[in-house]
2 protein chains.
Amino acid sequence: MRASSKFTIAIHICIYLDYSNDQLVSSQTLAESVKTNPVVIRRLIGQLRRQGIVGSVAGAKGGFYLAKPVDQLTLWDIYLVVRDDEFFNKPKVNPDCVVSSNLAVLVDDVYSESEHSMKNSMEKVTVAQLTDKLSDILEGSPLNQC
Amino acid sequence: MRASSKFTIAIHICIYLDYSNDQLVSSQTLAESVKTNPVVIRRLIGQLRRQGIVGSVAGAKGGFYLAKPVDQLTLWDIYLVVRDDEFFNKPKVNPDCVVSSNLAVLVDDVYSESEHSMKNSMEKVTVAQLTDKLSDILEGSPLNQC
DNA sequence: TCGAATCATAACATTCTAAGTTACAATTAC
DNA sequence: GTAATTGTAACTTAGAATGTTATGATTCGA
């Protein structure tokens with residue numbers, strides 16, 4: 001049931017961009033911060049971009065920026081971007097078994113309700129709050145991000 | 001099959017055993033129903049057994065049975081057995097990056113709260129209810145499980 | 001008591017997916 | 001024009017999930 005690390009990386013990226021405060025950040029820089037490859041970052045940002053969360057500027061000195069006000073950008077917004085198609089996976093059906101062939105119908109409601117129940121927790125938390133919290137932790141230490 | 005399919009398979013097994021109503025069911029039979037291998041079933045049941053949800057009888061004519069009253073066996077009980085250690089994966093930390101090195105602290109609360117919020121949905125649903133629902137769907141059709 | 005059926009589990013093999021990499025066209029700054 | 005960058009496609013790699021084989025332990029029934 002492990003959601004891939006994409007969710008955490010996406011949050012990482014958003015906090016980083018918030019910190020960078022309108023300065024463009026390259027995929028190379030983000031990749032070093034996340035300890036991965038620039039292409040992996042660009043792929044993930046591609047998803048965030050299509051949802052209007054991150055914006056990009058091509059060309060030399062190009063890079064990425066947050067396209068949404070951070071105090072309106074919640075973890076639920078980010079979650080919806082990176083979530084897998086199926087929260088709980090339903091395996092192959094055996095048509096000869098009445099349990100197997102009806103299982104999806106039986107669990108569908110609980111499954112979607114369960115996933116949706118996380119909304120309350122997640123939409124309470126904005127990226128702005130997380131960056132604030134980080135500032136508190138650092139208490140004025142230099143923000144050498146990487 | 002993804003990791004999360006274990007949850008659905010575990011539910012499948014419990015409903016099947018409930019249906020079989022005190023008759024022992026072999027891993028072979030369950031494997032056919034789930035369309036997988038008996039060893040895979042025994043491995044998963046091993047987890048359910050250690051939590052007192054399923055019981056087993058070794059030897060010829062042996063097999064598995066539900067060890068908990070079905071009206072007290074909720075999907076949350078089953079979920080707790082099959083869940084991965086970390087609900088949301090936290091990727092490797094870059095100690096040179098203040099965002100990366102503090103990320104776990106920032107998201108830990110929301111992550112555990114999010115997972116826990118599913119409890120309400122899941123503990124409302126018992127295996128007994130699911131088998132009842134299945135009976136309704138079948139409306140007296142013969143219960144040829146496989 | 002023996003053989004067949006079954007569980008428990010270890011060890012190994014296979015398959016699948018996520019992640020990483022390479023490559024290159026398109027864009028932009030200087 | 002060149003260097004730096006995004007966007008994406010195509011391929012490779014690594015690791016996890018799943019499947020398989022094998023074997024010992026247990027139990028039933030002949």
Side-chain angles (χ1 to χ4, degrees), chain A residues 1-10 12-13 17 20 23-51 53-67 81-86 88-92 94, chain B residues 1-10 12-13 17 20 23-51 53-67 82-92 94:
Chain A
M1 227 143 296
R2 161 165 307 181
S4 68
S5 57
K6 276 169 71 178
F7 186 38
T8 309
I9 296 179
H12 182 150
I13 290 172
L17 293 178
S20 304
Q23 272 189 281
L24 293 178
V25 181
S26 73
S27 58
Q28 176 63 46
T29 302
L30 287 169
E32 279 162 20
S33 164
V34 175
K35 281 200 158 179
T36 183
N37 191 285
V39 179
V40 174
I41 296 292
R42 293 204 289 271
R43 270 204 291 243
L44 177 50
I45 285 189
Q47 297 185 259
L48 296 166
R49 183 164 36 78
R50 283 185 278 278
Q51 298 306 316
I53 293 176
V54 169
S56 66
V57 174
K61 308 260 167 158
F64 303 100
Y65 59 92
L66 275 181
V81 171
V82 299
R83 79 185 274 276
D84 284 337
D85 284 344
E86 295 204 74
F88 291 118
N89 181 285
K90 286 154 227 151
K92 50 198 170 226
N94 178 354
Chain B
M1 263 183 271
R2 274 189 285 175
S4 57
S5 68
K6 276 171 72 177
F7 186 37
T8 309
I9 295 178
H12 182 150
I13 290 172
L17 294 178
S20 304
Q23 271 189 283
L24 293 177
V25 182
S26 72
S27 56
Q28 177 62 48
T29 303
L30 287 169
E32 279 163 19
S33 165
V34 175
K35 282 201 159 179
T36 182
N37 191 284
V39 180
V40 174
I41 296 292
R42 292 205 289 272
R43 270 203 291 244
L44 177 50
I45 286 191
Q47 297 185 260
L48 296 167
R49 184 166 34 78
R50 285 184 278 279
Q51 298 306 315
I53 293 176
V54 170
S56 66
V57 174
K61 311 258 166 158
F64 303 100
Y65 59 93
L66 275 181
V82 300
R83 76 184 279 276
D84 283 337
D85 285 344
E86 294 204 74
F87 183 56
F88 290 117
N89 183 297
K90 284 155 225 152
K92 51 195 170 229
N94 178 354

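Reckoned from all heavy atoms, side chains included, excluding hydrogens, waters and symmetry mates. No experiment lies behind these values; they were computed from the predicted model shown.
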**Student:** Let me know the distance between CD of Gln47(A) and P of dA19(C), rounded to the nearest Å.
**Tutor:** 11 Å
**Student:** Rounded to the nearest angstrom, tell me the gap between atom CD in Glu32(A) and atom P in dT5(D).
**Tutor:** 11 Å
**Student:** How many whole angstroms separate atom CG of Asp84(A) from atom P of dA18(C)?
**Tutor:**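 Going from CG in Asp84(A) over to P in dA18(C) covers 6 Å.
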**Student:** Considering residues at least two apart in sequence or located in another chain, which fulfil the salt bridge (Lys or Arg N to Asp or Glu O under 4.0 Å) criterion with Arg49(B)?
**Tutor:** none
**Student:** Would you indicate, yes or no, if dG7(D) has its OP1 or OP2 atom less than 4.0 angstrom from a side-chain nitrogen or oxygen of Ser56(A)?
**Tutor:** yes
**Student:** Under the 3.5 angstrom rule, does the side chain of Ser20(A) hit a backbone N or O of Gln23(A) as a donor-acceptor pair?
**Tutor:**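 Here the side-chain-to-backbone pair does not exist.
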**Student:** Rounded to the nearest Å, what distance is computed from the CG atom of residue Asn89(B) to the C1' atom of nucleotide dG15(D)?
**Tutor:** 12 Å
**Student:** Across nucleotides 20-30 of chain D, 5' to 3', mark each nucleotide with B, S or - according to how protein heavy atoms within less than 4.0 Å reach it.
**Tutor:** BB----BBS--
**Student:** Could you list the donor-acceptor pairs under 3.5 angstrom formed by side chains in residues 37-47 of chain B, with sequence neighbours left out?
**Tutor:**
{"from": "Asn37(B)", "atom 1": "OD1", "to": "Val39(B)", "atom 2": "N", "distance (Å)": "2.9"}
{"from": "Arg42(B)", "atom 1": "NH1", "to": "Ser27(B)", "atom 2": "OG", "distance (Å)": "3.0"}
{"from": "Gln47(B)", "atom 1": "OE1", "to": "Lys6(B)", "atom 2": "NZ", "distance (Å)": "3.1"}
{"from": "Gln47(B)", "atom 1": "NE2", "to": "Val81(B)", "atom 2": "O", "distance (Å)": "3.3"}

**Student:** Taking CD1 from Ile41(A) and C1' from dT8(D), how many angstroms apart are they, rounded to a whole number?
**Tutor:**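 Atom CD1 in Ile41(A) sits about 16 Å away from atom C1' in dT8(D).
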**Student:** Has Lys92(A) got a side-chain N or O lying under 4.0 Å from the OP1 or OP2 atom of dG19(D)?
**Tutor:**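 Yes, Lys92(A) has a side-chain N/O under 4.0 Å of OP1/OP2 on dG19(D).
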**Student:** Which heavy atom of Leu30(B) sits nearest to which heavy atom of Phe64(B), and what is that distance?
**Tutor:**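 Heavy-atom minimum between the residues: CD1-CD1, 4.3 Å.
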**Student:** Respond yes when some side-chain nitrogen or oxygen of Ser27(A) is under 4.0 Å from OP1 or OP2 of dT6(D), and no when none is.
**Tutor:**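 Yes, Ser27(A) has a side-chain N/O under 4.0 Å of OP1/OP2 on dT6(D).
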**Student:** Could you state the atom-to-atom distance from CZ of Phe64(A) to P of dT5(D) in whole Å?
**Tutor:**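 It works out to 11 Å between those atoms.
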**Student:** Do the side chain of Ser5(A) and the main chain of Thr8(A) share a donor and acceptor less than 3.5 angstrom apart?
**Tutor:**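 No; judged by distance alone, with no hydrogens or angles, the pair does not exist.
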**Student:** With Tyr65(B) as reference, evaluate Val54(B), Val25(B), Val57(B), Leu17(B) under the side-chain contact (heavy atoms from CB on, under 4.5 Å) test and give the passing residue.
**Tutor:**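 When Val54(B), Val25(B), Val57(B), Leu17(B) are each tested with Tyr65(B), the side-chain contact (heavy atoms from CB on, under 4.5 Å) holds only for Val57(B).
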**Student:** Contact class for Gly46(A) (heavy atom, under 4.0 Å): base, sugar-phosphate, or nothing?
**Tutor:**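 Since no nucleic acid heavy atom lies under 4.0 Å of Gly46(A), the category is nothing.
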**Student:** Report yes if at least one side-chain N or O of Ser5(B) is closer than 4.0 Å to OP1 or OP2 of dT18(D); otherwise report no.
**Tutor:**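 Indeed, a polar side-chain atom of Ser5(B) lies that close.
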**Student:** From Lys92(A) NZ over to Lys35(B) NZ, what is the distance, rounded to the nearest 0.5 angstrom?
**Tutor:** 8.0 Å
**Student:** How close or far is atom P of dT17(C) from atom NZ of Lys6(A), stated in whole angstroms?
**Tutor:**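 After rounding, the gap between these two atoms is 14 Å.
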**Student:** Rounded off to whole Å, could you give me the CD-to-P distance for the Gln28(B) and dA4(C) pair?
**Tutor:** 17 Å
